[in-house]
Amino acid sequence: MPTAEETELIQAALDAQRRAYCVYSNFPVGAAIRTASGRIFQGVNVENASYGLTICAERVAAAAAVACGEKEFTAIAVVSRNGVSPCGACRQFLAEFAPNLPVVMVDSLRPDVIHRATLDELLPGRFEGPV
Ligand code: ZN
């Protein structure tokens, strides 16, 4: 069972999912990131006729937060059919800001059943830059 905080985040991700632009895959994904200030930023997958330009919901949410001056992420919820896990690119992208970020993965048809992981578990040995 999700906690009250997780439920709020999941609901925001579910709300966002309805606005996904996924005319090619028909696979809507919604994401919601909570920041240290308590604000929640939503994201959806945004596809493109040039498939490779597609942006995932997780990165859209992270970019929205950063654009509003919020770089301290405390949790992310990702909702989709079957409750998929963030792709490798999104794991690396999110780890830039919060390497141990709690990730909640949710099947949008069964939002009471959640899977939890930390970004650290999902992406061990992340690239940390050319230092
Ligand atoms: Zn992704």
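Positions are given from 1, in the same order as the sequence printed here. Just so you know, ligand 1 is whichever comes first in the structure, and atom 1 is the first atom listed for that ligand.
- Applying the side chain to side chain contact (heavy atoms under 4.5 Å, CB included) test to Q11 and every residue at least two apart in sequence or in another chain returns L14, D15.
- I76 approaches A31 most closely through the heavy-atom pair CD1-CB, 4.4 Å.
- Judged purely by distance below 3.5 Å, without hydrogens or angles, the side chains of S80 and Q17 never pair a donor atom with an acceptor atom.
- Excluding waters, the set of protein N, O or S atoms lying under 2.8 Å from the Zn ion (ligand 1) comprises C56 SG, C87 SG, C90 SG.
- Within 6.0 Å of atom CD in E5, 12 or fewer heavy atoms from other residues, nucleotides or ligands are found, so the atom counts as exposed in its surroundings.
- Salt-bridge annotation for R126 and E96: absent, with no side-chain N of the basic residue lying under 4.0 Å from a carboxylate O of the acidic one.
- When the side chains of ILVMFWY residues are joined at heavy-atom separations under 4.5 Å, either directly or via intervening members, F73 and V103 end up in a single hydrophobic cluster.
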